[in-house]
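All figures in this text were calculated on a predicted structure; none of them were measured in a lab. If you read the sequence from its start, that first residue is 1, and numbering goes on from there.
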Amino acid sequence: MHSLLKASIVALLLIAGLASATPTPGLTQLNAPFDKWQSLIKSDPDQLLEILDAQSPMSGLALVQYHLLKSQAYAALVLAERSIAEAQSGLALLSPYQQPWLYHKLHLSMAFAQDLHGTPAKGLDEVNDAIAWAESYDHIDLTLEALMTRGLLLTSLSDYIAAMADLQRAYNLAPQRDAWVVKADLAGAIALVYEYRREDALALPYFAEAVEYYREQQSWISLSIYLYGLGRANKNTGNLELAKAQLQESADLSQHINDSQGVAYALKELAGLDWQSGKHELAKQSALQAMALFEQGNNAYMILDSALLLSSIYLAQQQTELANQYLKKARESLNPDSMPLQKIALQEQAARIMAATGQYQQAYETLDITNAEHQTLLSKQSTKQLHQLRSRYELEAQAQQNELLEAQNQLQLAQLANQQRSNRLLQVLFVSLSLILCLLLILFHRQRLHKKALQQLADTDALTGLLNRRKTLELLQLQADLAKRHQIDFCVALVDLDHFKKINDSLGHQGGDQVLKHFARLCSQTLRHTDIVGRIGGEEFLIALPHTNAQDAALLLERLRKRCEGIAETMQLDELKVSISIGLVSNIPPRSAIELLARADKILYSAKDAGRNRLVIDRAA
């Protein structure tokens, strides 16, 4: 899901909080009549803007609250520049020392709008200040709102682990209902993290939770946004009919409450569905309408997406000149610094257009450069996340150690103090010690679960669910060393999906992703639980088979190859074939992991040179 949609969802939560449990200077909730109007943000923000615009001139705190509600209403309608302007107008009238709650509310609203505008990093410092203030005054509503804000900003910045930590914490604290930030809102935000990671199956139940709650509450704009998210998740998991119904309902709701940007989001996704179904003219009509609405809202992310979709539609109709025009329009909305993945998508589309016009050499060179940039980007993101994981783990381990040391000191002091007390006091001490031990056990258990979850994220390929490159090569090294030391059979195979670029060009990257998922599922069903299988490149996989000789390995891998020929039929790809080429080597004679990998790569290319869709075994085996 795009960061703009995420910002839209959270913008609904930028509403005045309830009173703080601890007295603080200035306001801790909105004054009348603003407290009555705020509910319209989740149901009909356009109506709220009409009410505010009809009010007589205001001054003082009333004017600040007026700007706050207008900022939040514009954010709910995905009108980022207007939302930022209203928040800035309110902050210009306000002293943070006299009205800290209202000051932080305005900064949270502006942070959401900045995320909506494609600059999520700008608001992080102010959001951190809001969290610190809310926690120091035990203001639960502002704490929940600020944690959710930071979680979603971090999602836009691809720091998914930190984002999930904030959102899960807020979800555990949030009430079920009767508050502005409820569990349903946090469920929708958690779903966005999974959707950003392309784990749509995990996002589905969270989006469904949000939809169920806001349908019951009849909060139409919230319902339309979460229906949009649910429809996208169902589309990405292959439930196309259900997805289309949910997206159409989202569009109808948005139209009903004059949310033009909400209509545009739904139309853009419906256009994508029609394009996938071959209904190019219908897709073109919806995409053009969506882009016009996005241009009205100056929505740079979605103008780019819509233009790219139109370029793909025209290319599918072999109208390369129009495809080039819309590619150029998409580039006009590109910010390379904040949209690195979109930049890569535009370069790939440019290569497709070159190929369609016979510029094969230029297309090849463009794709070669683009693939290198993509790998570099993925490597940087992976390295950054690993460093963050390690730093957080070390901090948490140190904090845990400090807690244990503190608990031990307290126990020693309690034992010394209770030596001269009566049996009754000893019984009280025994109960106290039991409670402390239970708490330590709970903390230890939670730490283990958290560590396990972090390790799973670090070792797994998000798309296929198989091991990622780093973990695969680590296990290959271990098994190769064991096989060499103990002189046991060990085989390694490199597997490559044949003509995968053609599959991507024909089906688009979403279709290519589905092929990779089918292949990963066949690996899990065919191979043994002791075998190692991981994704080490775009369409390249490594399979290591411990305690297996070349003949047995060949039988197992040949079975996998034949089953892969059925992927096209399973996916109903009438004009495409899906097959794999396999290069198989064994550790006879004994070889290191690097030697096995290099030899398997050479044998794999022999399989490709021999015509693909075959298994080739190293002659030395």
Nearest 0.5 Å please: distance from the [atom1] atom of [X] over to the [atom2] atom of [Y].
X: Ser158; Y: Arg197; atom1: OG; atom2: CZ; answer: 10.5 Å
X: Ile503; Y: Ile567; atom1: CD1; atom2: CD1; answer: 8.5 Å
X: Leu240; Y: Asn234; atom1: CG; atom2: CG; answer: 9.5 Å
X: Gln361; Y: Thr366; atom1: CD; atom2: OG1; answer: 9.5 Å
X: Tyr214; Y: Ile225; atom1: OH; atom2: CD1; answer: 10.0 Å
X: Lys501; Y: Ser506; atom1: NZ; atom2: OG; answer: 9.5 Å

[X]: which residues meet the salt bridge (charged side-chain N to carboxylate O under 4.0 Å, His left out) condition with it, sequence neighbours left out?
X: Asp498; result: Lys608
X: Asp259; result: none
X: Arg561; result: Glu558, Glu565
X: Lys235; result: Glu269

May I have the list of side-chain donor-acceptor pairs in residues 287-296 shorter than 3.5 Å, sequence neighbours left out?
{"residue": "Glu295", "atom": "OE2", "partner": "Lys329", "partner atom": "NZ", "Å": "2.9"}

With the side chain counted from C-beta on, respond yes when [X] and [Y] share a heavy-atom pair under 4.5 Å apart, and no when they do not.
X: Leu267; Y: Ser306; value: no
X: Leu604; Y: Glu540; value: yes
X: Ser83; Y: Ser109; value: yes
X: Leu247; Y: Leu273; value: yes
X: Ile190; Y: Phe207; value: no
X: Leu227; Y: Leu253; value: yes
X: Val495; Y: Val533; value: no
X: Gln114; Y: Pro120; value: no

Taking the six-membered ring for Trp, are the ring centroids of Phe519 and Phe541 within less than 6.0 Å of each other? yes
Apply side-chain contact (heavy atoms from CB on, under 4.5 Å) to Asp368 and list each qualifying residue two or more places apart in sequence or on a separate chain. none
Tell me whether Arg470 is salt-bridged to Asp459, with the criterion being a basic N under 4.0 Å from an acidic carboxylate O. yes
Residues at least two apart in sequence or cross-chain that pass side-chain hydrogen bond (donor to acceptor under 3.5 Å, both in side chains) with Thr460, listed by chain then number, are Gln456
In chain order, what residues pass the side-chain hydrogen bond (donor to acceptor under 3.5 Å, both in side chains) check against Gln317, with sequence neighbours excluded? Glu281, Lys284, Gln319
Got a sec, which residues hit ring-ring contact (aromatic ring centres under 6.0 Å, His included) with Tyr314, two or more places apart in sequence or on another chain? Tyr326
Verify the distance criterion only: is there a donor paired with an acceptor across the side chains of [X] and [Y] at less than 3.5 Å?
X: Asn258; Y: Asp46; result: yes
X: Glu86; Y: Ser71; result: no
X: Asn371; Y: Gln375; result: no

With salt bridge (Lys or Arg N to Asp or Glu O under 4.0 Å) as the rule and sequence neighbours excluded, what pairs involving residues 206-215 come up? Arg215-Glu249
Summary of salt bridge (Lys or Arg N to Asp or Glu O under 4.0 Å) pairs that have at least one residue in residues 271-280, sequence neighbours excluded: Lys244-Asp274
Take a 6.0 Å sphere around CD of Glu569 and say whether it holds more than 12 heavy atoms from other residues, nucleotides or ligands. no
When you measure from the centre of the six-membered ring of Tyr171, is the NZ or CZ of Lys183 under 6.0 Å away and within 45° of the axis? yes
Pairs meeting criterion side chain to side chain donor-acceptor pair (under 3.5 Å) with involvement of residues 510-525, two or more places apart: Arg198-Asp513, Gln276-Gln510, His518-Arg521, Gln525-Arg563
With no hydrogens and no angle check, is any side-chain donor or acceptor of [X] less than 3.5 Å from a backbone partner on [Y]?
X: Ser224; Y: Ser250; value: no
X: Arg535; Y: Gly537; value: yes
X: Thr472; Y: Asn468; value: yes
X: Thr526; Y: Cys523; value: no
X: Thr149; Y: Glu145; value: yes

Given the rule in the side-chain hydrogen bond (donor to acceptor under 3.5 Å, both in side chains) test, do Ser219 and Gln217 qualify, once you have shown the distances and angles that lead to the verdict? CA-CA 5 Å; Ser219 295; Gln217 297 296 312; 5.5 Å; no
I need the minimum non-hydrogen distance between Leu124 and Arg150, along with the two atoms involved. CD2-CG, 4.0 Å
